Each structure stands twice: as structure tokens, then as C-alpha cells.
Amino acid sequence: MTTSTLFPPAIEAYRSRIDAELQSYTRFDSDCPAKLAEAIRYCLLAPGKRLRPLLVLVATEICGGAIEAALPAACAVEMIHNYSLVHDDLPAMDDDDLRRGRATCHVAFDEATAVLAGDALIPMAFKILAQHIQPADVAIKCVAALADAAGPSQLVGGQADDLGFQFAEADLVTLERIHQRKTGALISVSLHLGALIAGADPEKLQSLTEYGKHLGLAFQIVDDLLDLQGSQAKMGKKAGKDAGMGKLTYPALIGAEQSQHRAEQTSQAAVDALACFGDAAEPLRLLARFVIERNQ
Ligand code: GRG
């Protein structure tokens with residue numbers, strides 16, 4: 001998996017800031033067992049696209065806020081995303097041995113360590129929000145919003161439904177409902193956190209929520225297409241898993257061509273939601289294009 005230059009230079013610069021900040025949040029005291037610390041760093045610092053933290057930073061910036069103020073929230077979202085990847089890869093869930101071009105955490109370490117590394121990332125994320133987002137009332141709103149998006153009705157609930165799903169019950173409404181929660185919730189909350197930190201007005205908040213809803217869906221449709229048609233070398237994770245596991249996906253339901261069309265329409269709907277920002281929203285337009293053109 002190559003993630004060195006995925007985005008235009010301005011966005012790449014943010015990605016470097018995010019990576020540096022994640023490094024700084026993974027210096028553990030001597031009470032943290034060395035193997036656990038190593039596993040957390042192995043997963044969190046592995047080369048990911050950093051899409052969600054980028055959305056936090058860009059949302060803050062286009063709402064008139066400062067990147068520095070939003071960096072802690074960007075890292076918190078990436079930590080929650082990372083825990084979900086580590087747990088999703090476990091034998092009890094998707095049972096994957098490749099992620100971000102490397103052995104998954106339970107393969108590189110062991111299953112118990114992977115469970116614990118994922119566990120540790122959750123309180124780390126909320127501690128960062130509580131300690132580093134200012135003022136306190138904004139920190140509280142951020143904690144509540146991220147807890148909601150990561151909670152039993154959103155990320156965890158979407159994952160539970162995805163795991164328990166019977167293909168015979170398949171329809172598009174069910175599929176979108178799963179994806180909105182499993183994938184969309186973290187993408188949407190990233191934009192929401194960025195807007196909260198910048199003190200965005202209700203119109204901007206609403207428009208970013210709308211953008212996030214469409215972007216999350218477009219991202220997932222492309223993820224399904226990549227699983228079907230993508231290259232393992234580029235994606236850094238196994239391809240062709242969904243069909244093998246009988247998973248409910250867009251291509252399985254409506255075919256690859258229709259899925260591609262739907263991804264493009266959905267990405268355009270995301271862009272259309274940004275009208276109130278004018279030219280300032282250009283980075284979010286670029287990210288919407290990236291989401292449907294990506295090959296990893
Ligand atoms: C275990 C609670 C829990 C949830 C798991 C992460 C997840 C939910 C499922 C993974 C399966 C999957 C392919 C979901 C589709 C969307 C997704 C989260 C893709 C991975 O995100 P990227 O492509 O990854 O942004 P990087 O590595 O670039 O950060």
C-alpha cells in the first residue's frame with residue numbers, strides 16, 4: 001500500500017501534521033506493558049489514508065477555525081477508526097491477515113494483544129478530547145458526538161448487523177442502513193467535530209452533515225467495488241473477501257456498473273451540499289473526488 005502522495009500538496013501537509021500528532025500521543029509511561037504499547041503504535045501509525053482526520057481539519061478550516069485547535073479531535077477520530085479496524089480484522093469478525101499492507105495486529109502479535117490494543121485506543125481517544133479541546137463546553141459536545149457515532153446504534157450496531165446479516169433478506173434500504181452506521185457515522189462525525197471546534201453556525205453545520213452523509217455512502221460503495229475489482233497490492237488488504245463470505249454489498253445487489261454510477265451520483269450530492277461555503281469548500285470537493293477515484 002502506497003500512501004505517500006494521495007492528495008494535493010496542501011492536503012498532504014495536513015496528513016503529515018496528523019501523523020506527527022499521532023506519534024506524540026503514543027508515548028506511553030512505564031505502566032503500559034511494552035508489548036501493548038508496541039501493538040498500539042504498530043496499528044495506529046501504520047500508513048493509512050487518514051481520511052477521517054483530514055475531514056476534521058478541513059471542516060474546521062472552512063468554518064473559519066484553526067487547524068491546531070482541531071488536531072486533537074482529528075487524532076481522536078483516527079484512534080476510534082483504528083480500533084474498529086483492529087477488532088474487525090479479528091478471527092471472530094472478518095478474520096483478515098492483511099491491513100494497510102502489513103500483517104494485521106493479531107497476526108503480528110497475538111489475538112489477546114490485538115483485542116487489548118483496540119480496547120486501549122478507545123479511552124485514549126476520549127481522553128484527548130477531554131484534555132485538549134477548548135473551551136470545555138465544546139469538548140463535552142465533541143465527546144458526546146464521537147461516543148454517539150462510535151456507539152451501539154451507529155458504528156458498533158452497524159457492524160453487528162453486518163455480521164449477522166442474512167443475504168436472503170437483502171435490499172438496498174437495509175444495505176444503506178448498515179453502511180450509514182458502520183462506515184458513514186465516523187465519516188459524518190469527523191465533519192461535525194471540525195465544525196463544532198470552529199464554532200460553525202447552524203447553516204454550515206447542516207451543510208457539512210449533508211455532505212458527510214453522502215460522502216460516507218460514496219466511500220462505502222467504492223469500498224465494495226474495490227473489494228470486487230481492486231488490487232490487493234494497492235489496497236494493502238485482501239480483495240475478493242465480500243463475495244467469499246456471502247456479504248451484502250452494492251455490486252452484489254445492483255451490479256458493478258450501477259454501483260459505480262451510484263457512487264458518482266452520491267459524491268456529486270455531497271459536493272452539491274457545500275454551496276453555502278463557495279470556493280472555500282474546494283478541499284472538500286477534492287476529497288469527494290478522491291473518494292470515488294481512489295484505488296486503495
Ligand atoms: C469492530 C466495532 C467494529 C467496527 C468495524 C472498520 C469496520 C467496522 C469494518 C471494516 C470493514 C470495512 C471494509 C468497512 C468499510 C469502510 C472502512 C472502514 C474501510 C477502511 O477505512 P479506510 O479505507 O482505511 O479509510 P485506512 O486504512 O486508509 O484508514
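Keep in mind it's a predicted model, so treat the numbers as computed, not measured.
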**Q** Under a plain distance cut-off of 3.5 Å, with no hydrogens placed, do Gln154 and Asp148 share a side-chain donor-acceptor pair?
**A** no
**Q** Compute whether any side-chain donor of one residue and acceptor of the other, for Glu61 and Tyr14, lie under 3.5 angstrom apart.
**A** yes
**Q** Examine distances only and state if a side-chain atom of Arg262 and a backbone atom of Ile254 form a donor-acceptor pair shorter than 3.5 Å.
**A** no
**Q** Between CG of Asp110 and SG of Cys105, what distance do you get to the nearest 0.5 Å?
**A** 8.5 Å
**Q** Donor-acceptor pair, Asp201 side chain versus Glu203 backbone, under 3.5 Å?
**A** yes
**Q** Just by distance, no angles: are the side chains of Gln23 and Asp19 close enough, under 3.5 Å, to form a donor-acceptor pair?
**A** no
**Q** Testing Asp89, Val86, Thr104 one by one against Cys43 for a side-chain contact (heavy atoms from CB on, under 4.5 Å), which residue passes?
**A** Val86
**Q** Mark yes or no for whether Thr60, through its side chain, and Gly194, through its backbone, hold a donor-acceptor pair below 3.5 Å.
**A** yes
**Q** Atom CG of residue position Asp137 - does it have more than 12 heavy atoms of other residues, nucleotides or ligands inside 6.0 Å?
**A** yes
**Q** Hydrogens and angles aside, do Gln260 and Glu264 bring a side-chain donor and acceptor to less than 3.5 Å of each other?
**A** yes
**Q** Spell out, as yes or no, whether a donor-acceptor pair under 3.5 Å connects the side chain of Ser190 to the backbone of Leu55.
**A** no
**Q** Salt bridge between Arg52 and Glu78, side-chain N to carboxylate O under 4.0 Å?
**A** no
**Q** So, does His87 use its side chain to make a donor-acceptor pair with the main chain of Val115 at under 3.5 Å?
**A** yes
**Q** Please determine, by modelled atom types, if Glu257 and His261 share a side-chain donor-acceptor pair under 3.5 angstrom.
**A** no
**Q** Could Lys182 and Asp223 be called an ion pair, given the rule that one side-chain N must be under 4.0 Å from one carboxylate O?
**A** no
**Q** Just by modelled atom types, is the Gln258 backbone N or O under 3.5 Å from a matching donor or acceptor in the Tyr250 side chain?
**A** no
**Q** Any side-chain to backbone donor/acceptor pair from Ser259 onto Gly255? Under 3.5 Å, distance only.
**A** yes
**Q** Is any side-chain N of the basic residue among Glu210 and Lys213 closer than 4.0 Å to the acidic one's carboxylate O?
**A** yes
**Q** Are the side chain of Arg17 and the backbone of Ala13 linked by a donor-acceptor contact shorter than 3.5 Å?
**A** no
**Q** Give a yes or no on whether the backbone of Leu90 and the side-chain of Asp95 come within a donor-acceptor separation of less than 3.5 Å.
**A** no
**Q** Mark yes or no for whether Arg41, through its side chain, and Thr26, through its backbone, hold a donor-acceptor pair below 3.5 Å.
**A** yes
